[in-house]
Amino acid sequence: MKNIRNFCIIAHIDHGKSTLADRLLETTGTVVGKDLQAQVLDDMDLERERGITIKSHAIQMDYHYKGEKYVLNLIDTPGHVDFSYEVSRSIAACEGALLIVDATQGIQAQTISNLYLAIDNNLEIIPVLNKMDMPNAMPEEVKDQIEELIGCDRDDIIEASGKTGLGVDRILEAVVERIPAPTGDPDAPLQALVFDSEFNSFRGIITYCRIMNGSLRKGDIVKFVSTGKEYAADEIGVLRLEQEPRNELKTGDVGYIISGIKTSSEVKVGDTITHVERPCSAAIEGFKEVKPMVFAGIYPIDSEDYEDLRASIEKLQLNDASLTFEPESSAALGFGFRCGFLGMLHMEIVQERLDREFDMNVITTVPNVMYIAHTTKGEVFEMHNPSDMPSPTVLDYIEEPYIKAQIITPTDYIGQIMTLCLGKRGVLIKQHYLTGNRIELNYEMPLAEIVFDFYDKLKSITKGYASFDYFQIGYRRANLVKLDILLNGESVDALSALIHFDNAYSFGKRICEKLKELIPRQQFDIAIQAAIGAKIISRETIKAVRKDVTAKCYGGDISRKRKLLEKQKKGKKRMKQIGNVEVPQKAFLAVLKLD
Ligand code: GDP
Ligand code: MG
């Protein structure tokens, strides 16, 4: 145990976590020569393309230092706000963290919130100033920020470059010298922390865990505390480049367990594994059920693909426990599924994987957050869809999720950011200068207001200089109304949205205008109306057009005429017929494109 070091890397996206991790693997001889495929830790195509690590993994290295051999376990952490709970569990499995900061960029919001998590977990922080080879590095300024933030000694900050290899040896030495060896009682009942799991189509679910107390032997019967389910630990081992089976995992070790588990929902990140005989007295603190935050309908474009879509989503769910779905139907779109996601990035990933891995063509409806409705009879229920809204006669009130937002920005943009946040119902609760020209702003805001385009807007008004992170702080009562959209008098359920009362009128007006742009003119007038209950609050009209596409052909070549008609028919296929109006796909996401 005294020669084990468990650590993770805290860094903002693109600050060089993967590149430096590769360097550590290379320097310790964990990967050699040809094996060193760039960025070993990101092994999903999608992750590599997007440059973010979606799922955390771990890798073990041997390191020889002053005549002794050390086992270093690097636990990788996901780098996006949608996955911050997973980050917190990876941190809980470590005694130390490398804090990597890009010397050309300085500290970002994501880094700070993960850093606070690490400090709360009493991790030893090793600050690393990366990309020192870049001509625009500002080491002194960024060192000021780091010193201020963690109160370290300036000399403890390691100057490094994942590109040239500068500082890599110093980092490895610091891991051994500064990070404490794991503690824990080897003779106590088994207590292992699940920090991740992964689906493998041959082997089922692979559980990644850190042994906090006790030990685990191959074949032991174990229990997952949160689900109460029991399994035999058929294979256990450590994580090198590949899994290496072992007969025993001891206190302080990081490893994997394969036990014939079929679906990812049985293995919950943050859960505790113990022995069925001689169980531990308490679960490891900090376990949380991860709940989806954003919901949207996913419908097959061709209704015949409904069953295929179900099979595809089920397969996706095998290795993505945070994806939820239930069948739903829409008068406008037919049969589909209401899916729950951790956030917008997660939703995009699912959509992309459905397309790439399963070749499914789908329509996604406007995402919404989860609301809680209270009725006058005292009933309380979750609303995943605006159509779940109880009728006004029984509705008492609605609650919506709130978040605390952390924004870090150069001071030049404070004014514009405050205007943006105010428009999103944000309340400033704290501001704090990090250095003379960088400030941290803390806002409380409804999740619904930031979930769609807040980040893009923030980036564009600050020319990319601001960074942003958030976490949920519970539900609050809100004055929300259901806004319906009617096309030629017929309400289109897939276009309904829940809106704060104060914004409903301007929202109604803008969505009608947007739909007028997006819905093509047809052979009759189309009335677009926005309504709250029976009250129409806005109206636009799309004027009729009599479009004779064959007129151009002058009655000449008949085959040309036919081709043109066929082309027009194809164009129609991407439309949904609603009543007598044809609505293009993009209209269903119009809400996301309002300015
Ligand atoms: P991650 O998102 O934190 O994992 O960052 P990556 O390791 O993927 O690096 C982001 C980008 O920065 C890539 O284009 C790297 O090639 C580049 N990069 C990483 N470290 C360095 C460095 O030390 N110096 C320079 N010049 N570029 C680096
Ligand atoms: Mg990376």
Side-chain angles (χ1 to χ4, degrees), residues 7-28 30-31 35-59 61 74-84 86-87 90-91 94 97-115 117-118 125-143 145-146 157-172 174-175 196 343 345-346 348-349 408 455 459 464-465 467-469:
F7 68 107
C8 60
I9 298 181
I10 295 172
H12 188 70
I13 292 166
D14 282 342
H15 281 202
K17 179 177 74 173
S18 303
T19 311
L20 257 180
D22 283 348
R23 285 286 174 171
L24 299 181
L25 298 178
E26 200 182 26
T27 308
T28 56
T30 311
V31 285
D35 279 352
L36 189 72
Q37 188 191 9
Q39 308 199 351
V40 172
L41 288 174
D42 302 346
D43 66 357
M44 234 167 94
D45 272 3
L46 208 59
E47 287 182 33
R48 203 166 295 152
E49 278 167 37
R50 284 173 175 268
I52 43 168
T53 312
I54 297 164
K55 280 299 231 171
S56 33
H57 300 273
I59 194 156
M61 302 168 251
L74 168 57
I75 297 180
D76 196 23
T77 54
H80 189 275
V81 285
D82 284 5
F83 307 100
S84 56
E86 293 188 20
V87 176
S90 301
I91 284 175
C94 298
L98 299 178
L99 169 69
I100 297 183
V101 184
D102 184 331
T104 69
Q105 303 283 323
I107 289 186
Q108 309 287 321
Q110 178 81 63
T111 325
I112 292 196
S113 48
N114 287 344
L115 179 66
L117 275 176
I125 311 291
I126 301 174
V128 175
L129 202 57
N130 192 36
K131 304 201 187 179
M132 282 300 292
D133 61 288
M134 305 259 292
N136 55 336
M138 337 170 267
E140 298 316 314
E141 194 185 329
V142 180
K143 278 184 185 172
Q145 293 174 11
I146 296 175
I157 304 172
I158 301 173
E159 295 188 356
S161 163
K163 192 168 179 194
T164 65
L166 170 80
V168 173
D169 286 318
R170 275 193 71 199
I171 293 172
L172 287 166
V175 166
D196 198 9
L345 177 77
H346 187 210
E348 274 175 46
I349 290 167
I408 294 179
Y455 189 52
K459 281 277 172 199
Y465 281 112
S467 64
F468 166 67
D469 196 12

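All residue numbers in this chain count up from 1 along the given sequence. Read the numbers this way: they start at 1 and go in the same order the structure lists the ligands and their atoms.
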Enumerated ligand 1 atoms positioned under 4.0 Å from heavy atoms of [X]:
| X | answer |
| --- | --- |
| I13 | 2 (O) |
| K17 | 1 (P), 3 (O), 4 (O), 5 (O), 7 (O) |
| M134 | 25 (C), 26 (N) |
| S18 | 1 (P), 4 (O), 7 (O) |
| S161 | 22 (C), 23 (O), 24 (N) |
| N130 | 20 (N), 23 (O) |
| K163 | 22 (C), 23 (O), 24 (N), 25 (C), 26 (N) |

In Å and rounded to the nearest 0.5 Å, what is the [atom1] to [atom2] distance from [X] to [Y]?
| X | Y | atom1 | atom2 | result |
| --- | --- | --- | --- | --- |
| T104 | D133 | OG1 | CG | 9.5 Å |
| L20 | H15 | CG | NE2 | 12.5 Å |
| I125 | F7 | CD1 | CZ | 13.0 Å |
| T30 | M61 | OG1 | CE | 6.0 Å |
| S18 | I9 | OG | CD1 | 8.0 Å |
| T164 | M134 | OG1 | CE | 12.0 Å |

So, the side chain of N130 versus the backbone of G162: is there a donor-acceptor pair under 3.5 Å, distance only?
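Judged by distance alone, yes, a pair lies under 3.5 Å.
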Please check if the side chain of H12 supplies one atom and the backbone of T111 the other of a donor-acceptor pair under 3.5 Å.
no
If you measure from atom 21 (C) of ligand 1 to every heavy atom of K131, M132, H12, which option wins on shortest distance?
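Among K131, M132, H12, the closest heavy atom to atom 21 (C) of ligand 1 belongs to K131.
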Mode of T19 contact toward ligand 1 - side chain, backbone, both, neither (heavy atoms, under 4.0 Å):
both
Looking only at heavy atoms, is any part of T164 under 4.0 Å from ligand 1, and if so is it the side chain, the backbone, or both, or is it neither?
neither
Before signing off on this row, confirm whether A11 and ligand 1 have an N or O atom pair separated by under 3.5 Å.
no
Any nitrogen or oxygen of G16 lying under 3.5 Å from a nitrogen or oxygen in ligand 1? Just yes or no.
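Checking ligand 1 against G16, an N or O pair does fall under 3.5 Å apart.
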